[in-house]
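So the structure is just underneath, and the comments pick up after that.
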Amino acid sequence: MAHSCTCSFHTRDDVPLTSSFLARWEEERYTDGVKWKFLEHKGPVFAPLYEPLPDHVKFYYDGKRMKLSPDTEEVATFFAKMMDHEYTTKEVFRKNFFKDWRKEMTSEEKSKIIDLKKCDFTEMSEYFKAQSEAKKQMSKEEKQKIKEENERVLQEYGFCMMDKHKERIANFRIEPPGLFRGRGDHPKMGMLKRRVRPEDVIINCSKDSAIPKPPPGTKWKEVRHDNKVTWLVSWTENIQGSIKYIMLNPSSRIKGEKDWQKYEIARRLKLCVERIRNQYRDDWKSKEMRIRQRSVALYFIDKLALRAGNEKEEGESADTVGCCSLRVEHINLHPELDGQEYMVEFDFLGKDSIRYYNQVPVEKRVFKNLQLFKENKQPEDDLFDRLNTAILNKHLQELMDGLTAKVFRTYNASITLQQQLGQLTSREFNVAAKILSYNRANRAVAILCNHQRAPPKTFEKSMQNLQTKIDAKKHQLLDAKRELKSAKADAKVAGGGGRAVESKKKAVHRIEEQLMKLEVQATDREENKQIALGTSKLNYLDPRISVAWCKKWGVPIEKIYNKTQREKFAWALDMADEDYEF
DNA sequence: CTGACTACTTAGTATGGATCAC
DNA sequence: GTGATCCATACTAAGTAGTCAG
């Protein structure tokens, strides 16, 4: 079986007979950036139209009832639905919302509604709460009916034909209108995210396919036939002016193949990473500032798995940074800290405004360089003023074909998993203990990549419940042991009562197993409080490492990957044996 | 070299159905 | 059967990185 995905290229038409014998990810690919030859789909599903509120749900301005025009009312409901969230109290959110809301008002409404503080949305808010409560209380039959309708829509719009395969579409529903809530301190929070109409939508499909029909009385913005891209539908969103796409599910051939290729590039990095490391160490001594900055940045990306850090337009989004966009204020230099020399203290907001905080010892040369980069600069100045991601990636491309900054994250994540699995798994372990080892290895990667989550709201309670269970199990074990003891005594006296002793022994053993399982579970959960494992599992860890580990240690793959994940990693399940090495 | 534009991957969270304990 | 808890999934924001024109 081919283990490289850079094998020779032929068009699919050259090999019509082989396709039925090959798994999809083994089929030959197209050349020249062609992604498909045939693409047919039904277009997007639009958000349901706005239904005006019943008359008894009133809006009050300055204490007086006010009937709102449908457009104004709709935007008001967006706010009403969010009132339990803290951010509706934030000044930026309220200001942006009010400004956009006023744009939807009739001139009459505009002249009356001039102060958000005087708006009373409580009846609307209560109404929606009651609605969602009622939805929960629906009968089985009603729920079943909704489920069936969803299934029908999924069957009609949720799949497409790409070349010879029926593929699942990831997000076939167009995002509904609402109030934008960015992550972190977003300057645009509260702005109105406009309803997308067919006239905003571009359809992409092949010429010889059945072109999707726009809803009656409407037109698409454009129908195009671009087989150099993978998307089916796109539209421009009004908050940032960026393009949104409808694309295929991760289980699709086109995504799976790309994923496979990503890990193959990371494996090629493994083969030359020592050379690259020697090179950037050497470059720390360069007489050129730009090269010193480049080499120190690359060192951080490699050692700490930092993101590249593209430039962002100021004021368009939250103030976050990655490696190349680090500012002087984001690192503190300590010649000595807690007995360690040359310590760098990082403190900045990364992607999704997740805080990155770390204290790391670095080589003396790196430390001296950082002092140099900070010299004569203000806190808000760029640390690497002679560097950006384009420069860095251009350099990386010269070091290895296909190498970019993000490949280091993939490489270091996957190699860490492999190493940790090797260190943490033991033959002695039962399946539960092996899974704990896996989760710990996964966790090491999540920590490296700084994948955090808010501690679950119910965390403390669920921890307590688990502890209660453990205590109960311990008592149960004591009881069982006592019973075993007395059974042994009885057997000695009466003779021939060995059967009772055997069954009591078994009971003790069973309870011990159960207790261990609970304790393992508690450890796992505690260690996982603020760490999200899913992101690395889905995006950074070569799935073949996990497949091989499962095979080697006799752990069912279902314990590691759920159904969706097995679908996404179908290519890896199929091709990795227990000897696979990343 | 810069900025605009495009395509695609990576990210955390809300949600609601499934599953569990009682 | 019922309520609590868990878990998968949907959602969509926020990154990376390439291309192209000026």
Side-chain angles (χ1 to χ4, degrees), chain A residues 33 35 47 82 84-85 132 135-136 138 143-144 146-147 150 154 158 170-176 178 180-184 186 188-189 193 202 204 226 228-231 234 236-237 239-250 254-255 258-259 262 301 307-313 316-318 320-325 349-354 388-394 396-397 402-410 413 446 449-454 456-459 461-463 465-466 468-469 472 521 525 530-540 561-565:
Chain A
K35 305 287 171 52
M82 296 177 125
D84 287 341
H85 280 109
S132 73
K135 207 177 162 195
K136 277 183 209 151
M138 278 188 316
K143 283 184 181 172
Q144 184 60 26
I146 291 172
K147 205 176 163 187
N150 284 339
L154 172 66
N171 55 324
F172 56 89
R173 287 171 202 277
I174 285 191
E175 297 169 19
F180 176 80
R181 171 61 178 131
R183 317 258 167 91
H186 199 116
K188 298 192 172 184
M189 65 169 83
K193 193 166 95 166
I202 303 173
N204 193 33
D226 181 356
K228 304 270 178 82
V229 296
T230 66
W231 54 268
S234 75
T236 301
E237 151 271 352
I239 303 288
Q240 329 263 4
S242 67
I243 308 170
K244 300 271 191 165
Y245 302 94
I246 292 182
M247 291 185 189
L248 297 192
N249 200 65
I254 205 147
K255 294 288 185 188
K258 197 78 188 298
D259 209 33
K262 173 179 79 184
I301 284 169
R307 295 188 186 82
N310 283 320
E311 286 123 304
K312 303 169 71 182
E313 226 176 315
E316 291 295 299
S317 61
T320 62
V321 297
C323 186
C324 294
S325 51
L349 297 182
K351 181 176 179 179
D352 294 315
S353 292
I354 298 291
N388 61 39
T389 56
I391 294 170
L392 179 62
N393 282 333
K394 191 156 175 290
L396 293 175
Q397 189 57 239
L403 188 61
T404 63
K406 85 198 256 295
V407 177
F408 282 87
R409 248 167 105 79
T410 311
C449 295
N450 200 39
H451 290 142
Q452 300 188 28
R453 62 169 184 172
K457 287 183 187 74
T458 54
F459 184 83
K461 211 172 117 200
S462 91
M463 227 34 223
N465 290 347
L466 196 53
T468 311
K469 271 197 215 166
Q521 206 186 341
R525 196 179 298 180
Q530 304 196 67
I531 299 168
L533 300 186
T535 302
S536 51
K537 203 174 189 177
L538 238 43
N539 300 303
Y540 289 101
Y561 291 138
N562 67 30
K563 186 162 162 286
T564 315
Q565 293 165 339

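Keep in mind that what you see is a predicted model, and the values were worked out from it rather than measured.
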Inset, instruction - Answer with base, sugar-phosphate or nothing: what part of the nucleic acid does A:Tyr245 contact at a heavy-atom distance below 4.0 Å? - result: base
Inset, instruction - Please work out if A:Pro250 contacts a base, only the sugar-phosphate, or nothing of the nucleic acid, heavy-atom cut-off 4.0 Å. - result: nothing
Legend entry - A:Trp231 and A:Tyr245 aromatic ring geometry - parallel, tilted or perpendicular at 30°/60° bounds: tilted
Inset, instruction - Let me have a per-nucleotide readout for nucleotides 17-22 of chain B, 5' to 3', with B, S or -, counting only protein heavy atoms under 4.0 Å. - result: -S----
Inset, instruction - Please tell me which of A:Arg181 and A:Ala405 maps to the more 5' nucleotide of DNA chain C, matching each residue to the nucleotide holding its nearest heavy atom. - result: A:Arg181
Inset, instruction - Have a look at A:Lys394 and say if it touches a base, only the backbone sugar-phosphate, or nothing, with a 4.0 Å heavy-atom cut-off. - result: nothing
Inset, instruction - Give a yes/no on whether any side-chain N or O of A:Ser242 is located under 4.0 angstrom from OP1 or OP2 of B:dC5. - result: no
Legend entry - 5′-ward residue of the pair A:Thr389/A:His186 relative to DNA chain C: A:His186
What does the list of N/O pairs under 3.5 Å between the protein and nucleotides 12-16 of chain B look like, with a distance for each?
from   : atom 1 : to       : atom 2 : distance (Å)
B:dG12 : OP1    : A:Gln452 : N      : 3.3
B:dG12 : OP1    : A:Gln452 : O      : 3.4
B:dG12 : OP2    : A:Thr535 : OG1    : 2.8
B:dT13 : OP2    : A:Ala454 : N      : 3.3

Inset, instruction - Show your working on salt bridge (Lys or Arg N to Asp or Glu O under 4.0 Å) between A:Lys193 and A:Glu237 and close with a plain yes or no. - result: CA-CA 8 Å; A:Lys193 193 166 95 166; A:Glu237 151 271 352; over 6 Å; no
Inset, instruction - Would you tell me if any nitrogen or oxygen in the side chain of A:Asn393 comes within less than 4.0 Å of OP1 or OP2 on C:dA17? - result: yes
Inset, instruction - Would you tell me if any nitrogen or oxygen in the side chain of A:Lys406 comes within less than 4.0 Å of OP1 or OP2 on B:dT10? - result: yes
Inset, instruction - With heavy atoms under 4.0 Å as the rule, sort A:Gly322 into base, sugar-phosphate or nothing. - result: nothing
Inset, instruction - Name the nucleic acid region contacted by A:Ser317, choosing base, sugar-phosphate or nothing; use a 4.0 angstrom heavy-atom cut-off, strictly under. - result: nothing
Inset, instruction - Could you tell me whether A:Gly309 contacts a base, only the sugar-phosphate backbone, or nothing, with contacts defined as non-hydrogen atoms closer than 4.0 Å? - result: sugar-phosphate
Inset, instruction - Indicate, with a heavy-atom threshold strictly under 4.0 Å, whether A:Lys312 touches base, sugar-phosphate, or nothing. - result: sugar-phosphate
Legend entry - Position toward the 5' end of DNA chain B (nearest nucleotide), A:Lys35 or A:Cys449: A:Lys35
